[in-house]
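Lettering follows sequence order; numbering is per chain, from 1.
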There are 2 protein chains.
Amino acid sequence: MSAEERRESVVRAAMVEFARGGYRGTSTEAIARRVGVSQPYLFRLFPNKQAIFEAACEYCIEETWRVFDRASEGLTGEAAQDAMSRAYVDLIEDREQVMMQMQMYVSVFAAESTGDVQVGETARAAWLRLFERIEERIGGSRKEATQFMAYGMLINTLVGLGYPKDHRIWAEFEGYGKQAGGC
Amino acid sequence: MSAEERRESVVRAAMVEFARGGYRGTSTEAIARRVGVSQPYLFRLFPNKQAIFEAACEYCIEETWRVFDRASEGLTGEAAQDAMSRAYVDLIEDREQVMMQMQMYVSVFAAESTGDVQVGETARAAWLRLFERIEERIGGSRKEATQFMAYGMLINTLVGLGYPKDHRIWAEFEGYGKQAGGC
DNA sequence: TGCCAAAGTTATTGGCCAATCACTAATCTC
DNA sequence: GAGATTAGTGATTGGCCAATAACTTTGGCA
């Protein structure tokens, strides 16, 4: 397998592991095991652990956009928003995707505390890009986009906390744990 | 100082440290240093590190409610909601408070992966209690309460990512980085 | 076929950290 | 002021982990 292909498989594996354990709670050993290579080899593909984490963050945000994009292709306004809402409800079945997002959010502060501002800048840029793409797809309404993201972040929280699908806290989110949607 | 008083000062210090480093990224040594006691003494006050973390989670959620409660005392409906919105905008000046919440959200998944379901149950119960108190204060509207929480979680995310106050991403949140409020 | 570059491994190290143990200092109570 | 309870410390240990260095395997192509 080429280095480039390996790098991508590392990023995917890293996403799963980091989603679970966070930056500090995930060993490079665990990532390597999941990929099926030796632990030191990761350091041939990436300069250090931090770089793997950053790649996983970017990948995760891009992946989220791909899901929204595919779901709302050719749509605009409310129709696009509905389509993306439904897509997100599907996406969160994959708890790892959501948790990696959350890990990204908490890691910026930690990184800043150790003097590393790079992580924060990368993360802010990635998130802003996602926001603006959604805003555009919805039809340029900042207010709508903000609300869309707000509900998304609440969903992330509820997923993180692990409320079961049929818990009453999900009541306002039609379509999750039920048949069909349109949030 | 009595053991009970010490325990509380440990929890407060733990909140600050965990907010920054997360569960795995925070050493008991760091917490002890902040409190001003020796590291082994923490294990006289708490059975283990996990217990300190859980106490910090509960404290953090309670603290959040106290802020809302104080701000909206005697109010109901929209007035209460406005008051709480404004109070939250003040609260997030203290980035640690917000980050501890986020750490709590991401730690449940990690704990579950190691077979510990206790953390999750504690966290879900604490969060649900906060939600229901807010819901009641607002006047019993689940929809309004959900929206309130949703915007709260978005704010948490933006704080986590560290967008400066005057960044355009905050545009929808009147009162943050500006003079007055009413979100 | 033989070579070389890219892919990949084993062994190791130095640092960190939760938790335990054995011990000391202060405070209270009669 | 003795005796006991409570607050608190120093030293240690066993396990984990990021990163490095030195070495081996594999595949393509002249």
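Nearest to the side chain of K49(B), among dA18(C), dA22(D), dT9(D), sits dA18(C). Nearest nucleotide to the R24(A) side chain, out of dT9(D), dA22(D), dC17(C): dC17(C). Listed nucleotides dA7(C), dA18(C), dG8(C) differ in distance to S2(A); the shortest reach to its side chain belongs to dA7(C). Each of dA18(D), dA19(C), dT9(D) was ranked by its minimum atom distance to the side chain of Y41(B); first place goes to dT9(D). In the set dA19(D), dT10(C), dA22(C), the nucleotide with an atom closest to the side chain of F43(A) is dA19(D).
As rounded to whole Å, 13 Å separates atom C1' of dC17(C) from atom CZ of F18(B). Remark: P of dC23(D) and CZ of R44(A) are 13 Å apart, rounded to the nearest angstrom. Going from atom CD of E5(B) over to atom P of dT6(D) covers 15 Å, rounded to whole Å. The distance between atom CG of L45(A) and atom P of dA19(D), rounded to the nearest whole Å, is 14 Å. Rounded to whole Å, the distance from CD1 on I31(A) to P on dC17(D) is 11 Å. Per the geometry, CD belonging to Q39(B) stands 11 Å off C1' belonging to dA11(D), to the nearest Å. Remark: P of dC16(D) and OH of Y23(A) are 20 Å apart, rounded to the nearest angstrom. Nucleotide dA7(D) holds its P atom 15 Å from the CG atom of L42(B), rounded to whole Å.
The side chain to side chain contact (heavy atoms under 4.5 Å, CB included) test with L130(B) is passed by exactly one of E62(B), E135(B), M149(B), Q101(B): M149(B). Exactly one of F46(A), Y59(A), F18(A) qualifies for a ring-ring contact (aromatic ring centres under 6.0 Å, His included) with F53(A). That residue is F18(A).
At the heavy-atom level, R6(B) lies under 4.0 Å from the strands shown only through sugar-phosphate atoms. Nucleic acid contact for S27(A): sugar-phosphate only, since backbone atoms but no base atoms lie under 4.0 Å from a heavy atom of the residue.
Checking T28(B) against Q39(B) by side-chain atom types alone, a donor-acceptor pair falls below 3.5 Å. The closest side-chain donor-acceptor pair between S9(B) and E5(B), if any, does not fall under 3.5 angstrom.
Residue T28(B) places at least one side-chain N or O closer than 4.0 Å to OP1 or OP2 of dA18(C).
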Derivation and outcome, ring pair (Phe, Tyr, Trp, His ring centres under 6.0 Å), residues Y88(B) and Y151(B): CA-CA 10 Å; Y88(B) 203 60; Y151(B) 278 101; over 10 Å; no
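Judged by closest nucleotide on DNA chain D, E4(B) is the one of P40(B) and E4(B) placed further toward the 5' end.
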